[in-house]
Amino acid sequence: MAENILSGVRPTGNLHLGHYCGMIKQLVDLQNNGEYNEFLVMIADTQALTDNAKNVDKVKNNVVQVAIDFISAGLDPNKATIFIQSQVPQLFEMTGYFLNLVTVSRLKRNPTIKEEIKQRGFENSIPAGFLTYPVSQAADILTFDATIIPVGDDQNPLVEQTREIAQAFNTTYSPIFKLPKAVIRNQSVCARLPGTDGKLKMSKSAGNGIYLCDDESTVKQKIMNAYTDPDHIKVSDPGKIEGNVVFAYLDAFCKEEHFAKYLPEYKNLDELKAHYKRGGLGDVKVKLFLNNIIQEILTPIRKKRAELEENIDAVYEMLFNNAKKLRKMADKKITELHEAIGINYEKFKK
Ligand code: TRP
């Protein structure tokens, strides 16, 4: 039987090239070539609120933006059901029952949570909702009987914990949950696309991202200012490829056909890299080449975005309709859950 696929993202900012090359490409590929019954993509606003309780604007304003990013970058609303987490309140009910099957110490041992607590400085005061978001993520997955979870490797411990919760439920009550598996994105350069500053992964908080919604001149400016090799001062100097953001992006996005089109003096990336390492190739030339490639990718995405932005209400309508369908699906699972636990009181009446 065909399976249900579920992926999700927290709406705390617009999507950038790191998302495009990692998450979105994987989802679009699955959408077009995978076998599935339901293909669900969650905009996880309630999860985003677990560490943004006082930053509601940051979350709520990005919900429709993320939907627009997804669709303009290739998710097809006829195949992918994109929806807002808070519009399926049954997920909270599911979470409530699951919380009884998990210990606080197990949650504190979850490597993803551990890392995120450190990043956020929550060591001495962890919001309870934040500590337990893996349980709510288990509910996201299990409520919709999703078995295929395409995610980055940082999410693996969350899927692992979901499996434990499903197993605990199945053995404590009755086996109504299938065990999901994470489909980890390939660990190519896309998995950790560096920011334009060369320091960290591309991210909103680091302010080092190239966004799908950036206009042409913004993108060009970001590329022209991107971190390369600080010791490559004169064109004739030999240059370093490692840690050089421009080459990291070329590794991720450049194809051989781009050379014929934009830089015919070279056959492929190996030749370009060899010249750079030897010396005699300036950063500006490589950056302009990269700019051509990135603009080629982003131009159709921008065009689609402009169309969607003309009619934002239609995007909201789509999200609301999808949530309606998923509430029905969730209601069925909640009924199953009540029966499994034995609190289906209607059946008690003689
Ligand atoms: N934790 C994911 C993130 O940080 C978002 C998410 C929420 C998710 N629910 C999910 C991912 C269910 C996969 C499945 O981006």
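Just so it is clear, the values below take in all heavy atoms, side chains as well, and ignore hydrogens, waters and symmetry mates. Just so you know, ligand 1 is whichever comes first in the structure, and atom 1 is the first atom listed for that ligand.
Taking 4.0 Å as the cut-off between side-chain N and carboxylate O, D214 and K222 count as a salt-bridged pair.
In summary, the aromatic rings of H232 and Y276 are positioned with their centroids under 6.0 Å apart.
Using modelled atom types, one side-chain atom of Q85 and one backbone atom of T46 make a donor-acceptor pair closer than 3.5 Å.
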Ligand 1 N/O to protein N/O, distances under 3.5 Å:
| residue | atom | partner | partner atom | Å |
| --- | --- | --- | --- | --- |
| ligand 1 | 1 (N) | Q47 | OE1 | 2.8 |
| ligand 1 | 1 (N) | Q137 | OE1 | 2.9 |
| ligand 1 | 1 (N) | Q155 | OE1 | 2.8 |
| ligand 1 | 4 (O) | R10 | NE | 3.0 |
| ligand 1 | 9 (N) | D140 | OD2 | 2.7 |

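Sorted by first and then second residue, the disulfide (SG to SG under 2.5 Å) pairs involving residues 17-86 (not counting sequence neighbours) are C21-C190.
Q137 and Q155 are linked by a side-chain donor-acceptor pair at a separation below 3.5 angstrom, with hydrogens and angles left out of the test.
The two residues L308 and S72 come nearest to each other via the heavy atoms CD1-N, 4.1 Å.
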